[in-house]
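A short worksheet on the structure shown next.
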Amino acid sequence: MAKINCIGILTSGGDAPGMNAAIRAVTRTAIYNGLSVKGIYRGYKGLVTGEIKEFKSQNVSNIIQQGGTILKTARCKEFTTPEGRKIAYDNMKAEGIDALVVIGGDGSLTGARIFAEEYDVPCIGLPGTIDNDLYGTDTTIGYDTALNTILDAVDKIRDTATSHERLFFVEVMGRDAGFLALNGAIASGAEAAIIPEFSTDVDQLEDFIKNGFRKSKNSSIVLVAESELTGGAMHYAERVKKEYPEYDVRVTILGHLQRGGSPSAHDRILASRLGAAAIDAIMEGQRNVMIGVHHDEIVYVPFSKAIKNDKPIKKELVNVLRALSI
Ligand code: ADP
């Protein structure tokens with residue numbers, strides 16, 4: 001196998017708090033081990049346009065506490081075409097980059113997988129997404145911080161919901177995964193969560209109303225995962241207005257504030273561990289794997305597994321929420 005001297009690093013797709021901590025960890029671990037590092041700006045776009053810069057230890061100073069990503073992120077259509085990936089590969093070689101570390105979600109790791117197969121380039125993925133929807137890792141960089149942001153918001157909504165005796169539908173992120181909605185609901189003491197995983201099983205609204213809504217409470221908060229499968233918070237608010245006109249209903253869409261903010265201790269530590277492990281993996285000759293954490297141990301998850309499998313949501317959590325929201 002060709003010797004690896006230089007690592008290219010990029011952040012891609014949706015940003016997540018803790019990506020900077022991961023950039024820092026990859027950069028410093030690489031330098032510590034005698035490798036050089038190049039930062040690639042704006043995800044795969046920078047690989048295609050050649051926006052690449054050498055990173056020294058100082059380039060990642062004072063960023064562990066910052067949300068967002070100093071490398072910027074973008075979505076890059078060109079990289080989804082063979083022609084675009086050829087330009088990316090040529091740029092990578094011209095820069096002397098031997099291996100790539102890609103920090104991002106499902107889409108970004110899919111891109112890494114295809115690129116690695118086409119050009120025999122060692123690619124290592126780090127799970128960077130607030131959605132926590134990558135299979136094979138217990139948690140992802142940014143998820144814990146986003147969950148805490150949701151708690152902060154829902155605690156505030158509870159004050160006004162209680163004062164006015166209202167029913168609030170609070171929409172949270174989570175494309176096709178209900179982790180933020182379900183765990184956000186448990187942690188904030190919300191009455192229910194409507195999540196894509198169960199959208200075809202039951203009428204989650206009926207279920208919630210039948211399960212004692214307003215029997216003993218003067219406010220209710222339901223977290224709804226933004227998803228085509230659930231229809232989002234507005235959809236449920238409209239339904240309640242029609243089917244239960246006696247309730248005073250409001251909607252709050254938390255939106256992009258869930259992506260921002262200083263990463264939690266959990267996310268900083270996770271990102272630091274995963275970033276360091278990415279370099280260990282490259283030096284061990286691993287390629288085309290996502291680094292994850294399972295039972296508090298570092299694990300290597302082949303891209304095919306991490307991307308293709310749906311991460312299951314625990315039924316136990318649903319039961320906990322139901323029991324605690326009576
Ligand atoms: P996320 O990583 O947050 O899931 P996206 O799904 O938007 O974000 O993907 C980020 C980028 O990854 C895309 O803009 C594209 O450049 C690349 N990508 C996604 N899917 C593919 C694919 N099938 N082939 C090549 N590149 C892809």
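Every number for a ligand or one of its atoms is a count from 1 in the order of the listing.
- Here's the thing with C76: one of its N/O atoms is less than 3.5 angstrom from an N/O atom of ligand 1.
- Shortest contact from atom 11 (C) of ligand 1 to any protein heavy atom: S12 OG, 3.6 Å.
- Atom 7 (O) of ligand 1 has its closest protein heavy atom at R75 NE, 2.4 Å.
- Among protein heavy atoms, atom 19 (C) of ligand 1 sits closest to G107 O, 3.0 Å.
- Only the side chain of T110 comes within 4.0 Å of ligand 1, judged by heavy-atom distances.
- In this structure, the side chain of R85 engages the main chain of F79 through a donor-acceptor pair within 3.5 Å.
- Side-chain atoms of K38 come within 3.5 Å of backbone atoms of E95 as a donor-acceptor pair (strictly under, hydrogens ignored).
- The shortest N or O to N or O distance between G104 and ligand 1 is not below 3.5 Å.
- Between D131 and K311, none of the side-chain N atoms (NZ, or NE/NH1/NH2) sits under 4.0 Å from a carboxylate O, so this pair counts as no salt bridge.
- Between atom 2 (O) of ligand 1 and the options S108, G128, G13, A112, the minimum heavy-atom separation is to S108.
- The parts of F79 lying near ligand 1 are both backbone and side chain, judged by heavy-atom distances below 4.0 Å.
- With a 4.0 Å cut-off on non-hydrogen atoms, E78 does not touch ligand 1 at all.
- Judged purely by distance below 3.5 Å, without hydrogens or angles, the side chains of R166 and S219 never pair a donor atom with an acceptor atom.
- In terms of protein heavy-atom proximity, atom 22 (C) of ligand 1 is nearest to I114 CD1, 3.8 Å.
- Salt-bridge formation is not detected for the pair D98/K3: no Lys NZ or Arg NE/NH1/NH2 atom is positioned less than 4.0 Å from an Asp or Glu carboxylate oxygen.
- Inclusion of A74 in the set of residues having an N or O under 3.5 Å from an N or O of ligand 1 is not warranted.
- Every atom of ligand 1 with a heavy atom of G111 under 4.0 Å away is listed here by number and element: 25 (C), 26 (N), 27 (C).
- Considering backbone and side-chain N/O of R175, one or more are found under 3.5 Å from N/O of ligand 1.
- Residue contact annotation: D106 has a non-hydrogen atom under 4.0 Å from ligand 1.
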